[in-house]
Amino acid sequence: MKVVIVGGVAGGATAAARIRRLNEYAQIVMFERSGYVSYANCGLPYYVGGEIGDEADLTLQTPASFFARYRIDVRVLSEVTQIDRAAKTVTVKDLASGKCYTESYDKLLLSPGAKPLIPWLEGVSGEGVFTLRTVEDTLAIDRYIAAHAPRSAVVVGGGYIGLETAENLTRRGIEVTLLQRGRQVLAPLDSDMASFVHAELLRRGVRLRLGAEAVKFCRRQDALVAVTADGGEIAADFGVIALGVVPESGLARAAGLALGQRESIAVDAHMRTSDPDIYAVGDAVEVRHAVTGRPALIALAGPANKQGRIAADNICGGDSVYRGSQGSSIIKIFSLTAAATGLNEKTARSLGIDCEKVVLSPLNHASYYPGGQVMTMKVLFERPSGRLLGAQIVGGDGVDKRIDVLAVAIRVGLSGTDLKDLELAYAPPYSSAKDPVNMAGYMIEDLLTGKVAQIDPAGVDGLPRDGSVTLLDVRTPQEYARGHAQGFVNIPLDGLRERLAELDAGRPVYVMCQSGLRSYIACRILSQNAFSCFNCAGGYRFYGAVHADVRPRTGAYPCGMEK
């Protein structure tokens with residue numbers, strides 16, 4: 001059997017090694033258009049920033065090492081330009097010599113990946129404008145910085161690569177302006193959770209411009225100028241475009257293979273295309289979303305590796321099945337970690353799912369152990385079933401652990417209330433006896449069983465201030481004085497029972513504290529004393545973060561907050 005693989009990196013290289021482990025006698029030929037067959041794609045921004053100091057550390061395998069270990073014929077700088085399905089051949093262009101030739105196959109695996117989304121903008125291909133997708137891109141940026149010693153850069157795009165590039169350029173002493181067309185960075189997060197990321201970027205000196213769409217690049221004297229749709233101009237020494245990626249599916253389309261959404265390659269659960277002898281994996285393929293069951297595009301290294309292994313199994317006569325992707329991801333942004341899995345709230349609601357959420361702000365470990373760091377967790381579930389839909393966490397240490405637990409819970413079909421029963425490892429330096437994941441489960445159970453009702457922070461400003469409802473802040477007087485939501489009166493929790501007479505039992509009570517815990521306790525007190533009570537989800541910490549995100553740079557607070 002002869003297997004031809006188009007594209008290396010995560011999907012193609014994984015498949016090649018797996019095929020060899022399963023079939024010692026298969027002839028395996030792998031073509032890679034770039035000069036590197038297997039490299040740490042996710043580590044590229046950290047080389048630009050100097051966190052990874054040795055170029056060799058980016059390369060996981062070379063053609064020589066692949067041949068030495070697996071006897072795989074790897075040909076870099078070789079672009080496959082055409083597939084002849086009837087003849088079962090591919091046409092290959094040797095990019096070094098310019099010569100073309102054909103190669104036959106019994107089975108063909110496409111792992112072309114995705115290409116950077118580069119808009120048709122004037123000046124986008126000019127001097128000093130880069131993308132960051134390959135090792136060659138990385139080295140070009142690094143050489144430019146070394147040669148020109150730039151003091152400023154404009155990064156276009158607020159996704160993973162854009163944020164990592166902004167951080168690493170900042171760490172290298174370069175002043176960064178980040179342009180994001182939408183009103184938030186990191187699309188997997190909801191806008192309320194993204195507010196914490198915005199605050200961290202601003203705190204670290206990144207000039208964040210939300211709602212700023214770049215429409216043109218031009219040169220004025222020695223400066224690169226990015227022009228935005230509103231007529232604004234940002235001058236910098238160089239620019240990096242990181243607007244995301246689109247499937248590299250041109251080869252499949254020209255060969256007449258069935259395509260999915262956004263021109264992705266359609267595959268079945270065995271990673272087989274519409275041609276039974278051609279498989280496809282990685283960022284170019286359409287997959288099934290593990291939560292919704294709908295077609296999805298999820299460009300991540302983890303799924304690509306798994307797909308490569310599954311395709312290899314099936315090429316070798318196996319019956320492995322890919323069970324979908326849920327988009328589990330994580331990113332470090334200076335001292336902050338942001339992670340997500342499954343659906344976010346905006347997507348769930350757009351699909352018509354009756355979703356609810358809990359928001360909590362636990363420490364990453366026991367409160368009495370030094371060095372605790374607060375994380376903000378948002379866990380989504382479906383009503384009335386309690387089915388887990390997704391989760392987002394922003395914080396420091398411990399975010400990765402909790403998002404992984406929640407990702408597994410979603411994958412195996414646990415309900416939100418099942419989270420309270422998980423037995424997770426505990427020691428004071430690592431967790432609390434009630435892990436934050438357990439706490440999310442308790443909160444979900446209370447909502448589903450009617451022990452508490454809640455209001456979303458987005459709805460707080462819309463509450464009437466005419467006395468028809470009671471707005472209650474149960475924090476300490478000191479906390480209240482440092483800032484509170486407009487119209488909320490202060491009765492500290494510990495004295496609430498003795499002051500119930502001050503409240504009108506005929507009016508709904510909306511209760512806020514710092515994180516949502518004390519206000520929950522207050523709601524339990526009030527509901528058992530015949531009050532209709534609503535807990536403000538996430539507390540003032542969450543409410544304040546969302547409002548500060550739209551605060552004018554003058555420092556004035558918007559309507560809805562008092563200080």
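Nothing here was measured: the structure is a model prediction, and the numbers come from that model.
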Inset, instruction - Starting from the C-alpha separation in whole Å, work towards a yes-or-no answer on side chain to side chain contact (heavy atoms under 4.5 Å, CB included) for Lys401 and Asp435. - result: CA-CA 11 Å; Lys401 170 182 175 179; Asp435 189 86; 4.1 Å; yes
Legend entry - Evaluation steps, salt bridge (Lys or Arg N to Asp or Glu O under 4.0 Å), between Glu51 and Lys332: CA-CA 13 Å; Glu51 292 289 310; Lys332 184 182 81 69; over 6 Å; no
Inset, instruction - Go through the steps for Ser431 and Arg402 under the test side-chain hydrogen bond (donor to acceptor under 3.5 Å, both in side chains), then give the verdict. - result: CA-CA 10 Å; Ser431 184; Arg402 275 68 186 207; 3.3 Å; yes
Inset, instruction - Decide yes or no on side-chain hydrogen bond (donor to acceptor under 3.5 Å, both in side chains) for Gln392 and Glu345, but give the supporting numbers first. - result: CA-CA 10 Å; Gln392 301 158 52; Glu345 186 176 3; over 6 Å; no
Inset, instruction - Kindly determine whether Gln307 and Val287 satisfy side chain to side chain contact (heavy atoms under 4.5 Å, CB included), including the steps that lead there. - result: CA-CA 10 Å; Gln307 293 160 17; Val287 298; 3.6 Å; yes
Inset, instruction - Begin with the C-alpha distance, continue with both residues' side-chain angles, and end with the deciding distance and a verdict on side-chain hydrogen bond (donor to acceptor under 3.5 Å, both in side chains) for Ser195 and Asp192. - result: CA-CA 5 Å; Ser195 64; Asp192 47 16; over 6 Å; no
Legend entry - Worked verdict on Ile455 versus Leu463 for side chain to side chain contact (heavy atoms under 4.5 Å, CB included): CA-CA 10 Å; Ile455 180 174; Leu463 293 173; 3.7 Å; yes
Inset, instruction - Tell me, with the steps shown, if Leu132 and Thr138 meet side chain to side chain contact (heavy atoms under 4.5 Å, CB included). - result: CA-CA 6 Å; Leu132 182 54; Thr138 305; 3.2 Å; yes
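Considering every non-hydrogen atom in both Leu526 and Cys533, the closest pair reads CD1-SG, 3.7 Å. When every heavy atom of Ala15 is checked against every heavy atom of Leu109, the shortest pair comes out as CB-CD2, 3.2 Å. Residues Ser515 and Ser361 come closest through the heavy atom pair CB-CB, 4.1 Å. Scanning all heavy atoms of the two residues, the minimum distance from Gly318 to Asn314 falls at O-OD1, 3.1 Å. Pairing each heavy atom of Gly441 with each of Leu419, the nearest pair is CA-CB, 3.7 Å. Residues Pro436 and Met377 approach most closely at CB-SD, 3.5 Å, considering heavy atoms.
Side-chain contact check for Leu472 versus Ile491: some heavy-atom pair is nearer than 4.5 Å. Using a 4.5 Å cut-off on side-chain heavy atoms (C-beta onward), Val185 and Leu178 make contact. Side-chain contact between Leu406 and Ile393 is present, with at least one heavy-atom pair separated by less than 4.5 Å. A heavy-atom distance below 4.5 Å is not found between the side chains of Asn490 and His484. The shortest side-chain heavy-atom distance between Arg204 and Glu167 does not fall under the 4.5 Å cut-off. Looking at Glu164 and Ile331, their side chains come closer than 4.5 Å, going by heavy atoms from C-beta outward. Within the 4.5 Å cutoff, side-chain heavy atoms of Tyr160 are placed close to those of Pro188. Within the 4.5 Å cutoff, side-chain heavy atoms of Arg411 are placed close to those of Arg323.
Put simply, NZ on Lys434 and CE on Met439 are 6.0 Å apart, with the number rounded to the nearest 0.5 Å. For the atom pair Ile298 CD1 and His289 NE2, the distance stands at 4.5 Å (nearest 0.5 Å). Atom CD of Glu356 sits about 5.0 Å away from atom CZ of Phe381, to the nearest 0.5 Å. Going from atom CZ of Arg262 over to atom CD of Glu286 covers 11.0 Å, rounded to the nearest 0.5 Å. A distance of 9.5 Å separates OG in Ser34 from CG in Asp137, rounded to the nearest 0.5 Å. The distance from the CD atom of Glu200 to the CG atom of Leu163 is 11.0 Å, given to the nearest 0.5 Å.
Counted by atom type alone, Gln61 and Ser65 present one or more donor-acceptor pairs between their side chains at under 3.5 Å. Side-chain contact of Arg203 with Ser335: a donor-acceptor pair under 3.5 Å is present, judged by distance alone. Side-chain contact, Tyr520 with Asp446: a donor N or O sits under 3.5 Å from an acceptor N or O. Judged purely by distance below 3.5 Å, without hydrogens or angles, the side chains of Gln326 and Thr341 pair a donor atom with an acceptor atom. For the residue pair Tyr543 / Asp461, a side-chain donor-acceptor distance below 3.5 Å is found, with atom types taken as modelled.
Side-chain atoms of Asn344 come within 3.5 Å of backbone N or O of Thr347 as a donor-acceptor pair. The closest donor-acceptor contact from the side chain of Gln184 to the backbone of Ser191 lies under 3.5 Å. Looking only at distances, a side-chain donor or acceptor of Lys346 sits under 3.5 Å from a matching main-chain atom of Ala187. Listed for the Asn529 side chain is a donor-acceptor partner under 3.5 Å among the backbone atoms of Ile525. Between the side chain of Ser264 and the backbone N or O of Gln261, at least one donor-acceptor pair lies under 3.5 Å. Asn438 places a side-chain N or O within 3.5 Å of a backbone atom of Leu422 that can act as its donor or acceptor partner. With hydrogens and angles disregarded, no donor-acceptor distance shorter than 3.5 Å links the side chain of Arg18 to the backbone of Ala312.
When each of Leu336, Val176, Leu208, Thr170 is checked for a side-chain contact (heavy atoms from CB on, under 4.5 Å) with Leu201, only Leu208 meets the rule.
Residue-environment remark: NZ (Lys451) exceeds the threshold of 12 foreign heavy atoms within 6.0 Å. Under a cut-off of 6.0 angstrom, the local environment of CZ in Phe334 is crowded, with over 12 non-hydrogen atoms contributed by other residues, nucleotides or ligands. For Arg69, the CZ atom sits in a loose shell: 12 or fewer heavy atoms of surrounding residues, nucleotides or ligands are nearer than 6.0 Å. Around atom CZ of Arg172, more than 12 heavy atoms belonging to other residues, nucleotides or ligands sit under 6.0 Å away. Open room surrounds CZ on Arg497; 12 or fewer heavy atoms of other groups in view lie less than 6.0 Å from it.
At a threshold of 4.0 Å, the pair Arg518-Glu479 counts as salt-bridged, since one of the basic side-chain nitrogens sits closer than that to a carboxylate oxygen. Using a 4.0 Å cut-off between a side-chain N of Lys or Arg and a carboxylate O of Asp or Glu, Arg133 and Asp283 qualify as a salt bridge.
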Which atom pairs, donor and acceptor, lie under 3.5 Å between side-chain atoms of residues 363-371 and protein residues at least two apart or in another chain?
from, atom 1, to, atom 2, distance (Å)
Asn364, OD1, Gln373, N, 2.6
His365, NE2, Pro370, O, 3.4
Tyr368, OH, Tyr426, OH, 3.1

